Number of protein chains: 2
Amino acid sequence: MDLYAQLLRLGPLSKATYGALVRISEERVLAKQAFWSEPGAPVTHFAIVLEGLVRHFYVDAKGRESVKAFRARGEFSAPYAELIQRKPSRTFIQALEPTRLLTFDVVKFEALAEDSLELQRLARRFVELHFVAKEQREYEFLQLTAEQRYRQFCAERPEHLSHIPQHQVASYIGITPVALSRIRARVSGRRTPVG
Amino acid sequence: MDLYAQLLRLGPLSKATYGALVRISEERVLAKQAFWSEPGAPVTHFAIVLEGLVRHFYVDAKGRESVKAFRARGEFSAPYAELIQRKPSRTFIQALEPTRLLTFDVVKFEALAEDSLELQRLARRFVELHFVAKEQREYEFLQLTAEQRYRQFCAERPEHLSHIPQHQVASYIGITPVALSRIRARVSGRRTPVG
DNA sequence: CCGCCGCGTTATCCCGGGTTAAGAAACGCT
DNA sequence: AGCGTTTCTTAACCCGGGATAACGCGGCGG
């Protein structure tokens, strides 16, 4: 996982600034099932997944989970909306596999970025892409059926299908495990359907 | 509508830079029902609503509309995701009332912002808040019923209720006009319910 | 003044998905 | 290996909301 190359795709970044970033980073290891964010906790760090897989989810008053995202190697992991709002976390982040994170202290990062044109540009580009992803998700909820959302998920993240329990996939696409099971039965029953 | 004060809420902004922004802006008037973005068109401008009301929506292959947002005085209006991706618009933006926009040429804005720390910071903060709003919407689709989403809409944007045709509200919360009508009948039938 | 059209409501019918429950298969732990 | 737990499936039942259609109302243009 070449972090430098990855950041460069967002915009120009000098080796010096990159070095400063690396210096404020810390590796953190999560056992399978371990949490690194829980509701109520202040958001002090964000992270890049170096290895493994995490899920981001809410739990409502009645104890129902809603999975917001799965994040694997090279992807961003944090209670991002809360970080932006400087509010305590409202989301759980849990490792689905043994995971290594590269974490960054938010305060240190902002101190670095404060007067850095290239880091502000990078950070801006970074949120922009996350905004686009959220809008894509809005689109899927507005215009696709549960079955279409499932097929989309399978198409886009095939590598996850084998690592994520099905009820969590169901939660991600906004239905119950039972409903997903029915959809799967339906889909596999149809031999090479039109879609 | 004090644009300067509004921008200041996002972060520091010198009068000089603000002046430069104003110089690249252009007012644009939309008649009721007029469009200022349509699918296929390149995204050359973004805008702030000075007066009036617009709606942002997609239309799918079968001609079904999905309303993404309503934007009134002081709010941002543009096919933002497409602008970020530098792709042609996929969304319609239509005036629901006679509307005045303050438009900004994207290329001119980026030229101004390119080397401006304060504009990069502002732009970053700006997307961040839009990201938070999208995540809120994701939350509503994941965890609220249609009725709860309707009540939420009523609570948050009461001023819009009288100006927006009901079928567009229905589309915004992700249901059909008929379903919204039923929900309204249900809701008004219950005298001061639990809440 | 009349006819049209867009909008909201209501009714009917149907389907997708929620809920609950029970059973089967896979996994982990001791 | 034995046991419990988690995961997935299937079935029965219910309900919210989609599709369609009929009706009423209000606005608007002729």
Side-chain angles (χ1 to χ4, degrees), chain A residues 31-34 53 55 57 59-67 70 92 94-98 140-154 160-190 193 195, chain B residues 31-34 53 55 57 59-67 70 94-98 140-154 160-190 193:
Chain A
K32 187 169 176 171
Q33 312 290 22
L53 179 62
R55 72 192 248 250
F57 64 105
V59 176
D60 72 9
K62 282 141 245 121
R64 274 128 52 137
E65 300 184 356
S66 296
V67 175
F70 300 104
F92 289 92
Q94 183 183 30
L96 297 184
E97 297 178 1
E140 288 167 11
F141 280 115
L142 280 173
Q143 297 219 327
L144 302 185
T145 64
E147 178 175 333
Q148 289 172 314
R149 293 200 297 276
Y150 174 63
R151 298 167 84 95
Q152 183 110 350
F153 181 83
C154 294
H160 287 180
L161 282 176
S162 42
H163 301 304
I164 301 176
Q166 220 161 277
H167 69 271
Q168 292 179 10
V169 174
S171 173
Y172 177 74
I173 65 179
I175 60 178
T176 60
V178 181
L180 178 55
S181 185
R182 279 188 295 231
I183 287 174
R184 284 164 50 82
R186 223 154 65 205
V187 167
S188 64
R190 294 202 292 263
Chain B
K32 188 170 174 168
Q33 312 291 20
L53 180 62
R55 71 193 247 251
F57 64 104
V59 177
D60 73 8
K62 283 142 244 120
R64 274 128 52 140
E65 299 184 356
S66 296
V67 174
F70 300 103
Q94 183 185 30
L96 297 185
E97 297 178 1
E140 289 167 10
F141 280 115
L142 280 173
Q143 298 219 327
L144 302 185
T145 65
E147 178 174 333
Q148 289 172 314
R149 294 200 297 276
Y150 174 63
R151 298 167 83 93
Q152 183 110 351
F153 181 82
C154 294
H160 288 180
L161 282 176
S162 42
H163 301 303
I164 300 176
Q166 219 160 276
H167 70 269
Q168 291 178 12
V169 175
S171 174
Y172 178 74
I173 65 180
I175 60 178
T176 59
V178 180
L180 179 55
S181 184
R182 279 188 296 231
I183 288 174
R184 283 164 53 83
R186 222 153 66 204
V187 167
S188 65
R190 295 199 292 263

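Quick caveat: nothing in here was measured; it's all calculated off a predicted structure. Within every chain, numbering begins at 1; the chains are lettered A, B, ... in the order of the sequence lines, protein sequences first and strands thereafter.
- Take A:Gln152 and apply the side-chain contact (heavy atoms from CB on, under 4.5 Å) test, not counting sequence neighbours, and it matches A:Gln136, A:Glu140, A:Leu144, A:Glu156.
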Scan nucleotides 18-30 of chain D nucleotide by nucleotide, 5' to 3', and note B when protein non-hydrogen atoms come under 4.0 Å of the base, S if they reach only the sugar-phosphate, - if neither. BBB----------
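- Residues A:Val59 and B:Gln143 come closest through the heavy atom pair C-NE2, 4.4 Å.
- Distances shorter than 4.0 Å separate none of the side-chain N or O atoms of A:His167 from OP1 or OP2 on D:dT6.
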Are A:Arg184 and A:Tyr150 close enough, and set up right, to give a side chain to side chain donor-acceptor pair (under 3.5 Å), and what steps lead you there? CA-CA 9 Å; A:Arg184 284 164 50 82; A:Tyr150 174 63; 3.0 Å; yes
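- With a cutoff of under 4.0 Å to any heavy atom of chain B, the contacted region of DNA chain C is bounded 5' to 3' by C:dC7 to C:dT12.
- Here the P atom of nucleotide D:dT6 and the CG atom of A:Leu96 are 15 Å apart, to the nearest Å.
- Minimum heavy-atom separation, A:Ile183 to A:Ala146: CD1-CB, 3.8 Å.
- When all heavy atoms of A:Val67 and A:Phe57 are compared, the pair lying nearest together is CA-CB, 3.7 Å.
- In this structure a side-chain-to-backbone donor-acceptor pair under 3.5 Å is present from B:Gln94 to B:Gln33.
- Atom CZ of A:Arg186 and atom P of D:dT9 are 13 Å apart (whole Å).
- In this structure, B:Tyr172 and B:Phe141 approach most closely via the heavy-atom pair O-CZ, 4.1 Å.
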Side chain to side chain donor-acceptor pair (under 3.5 Å) assessment of A:Glu65 paired with A:Ser171: CA-CA 7 Å; A:Glu65 300 184 356; A:Ser171 173; 5.7 Å; no
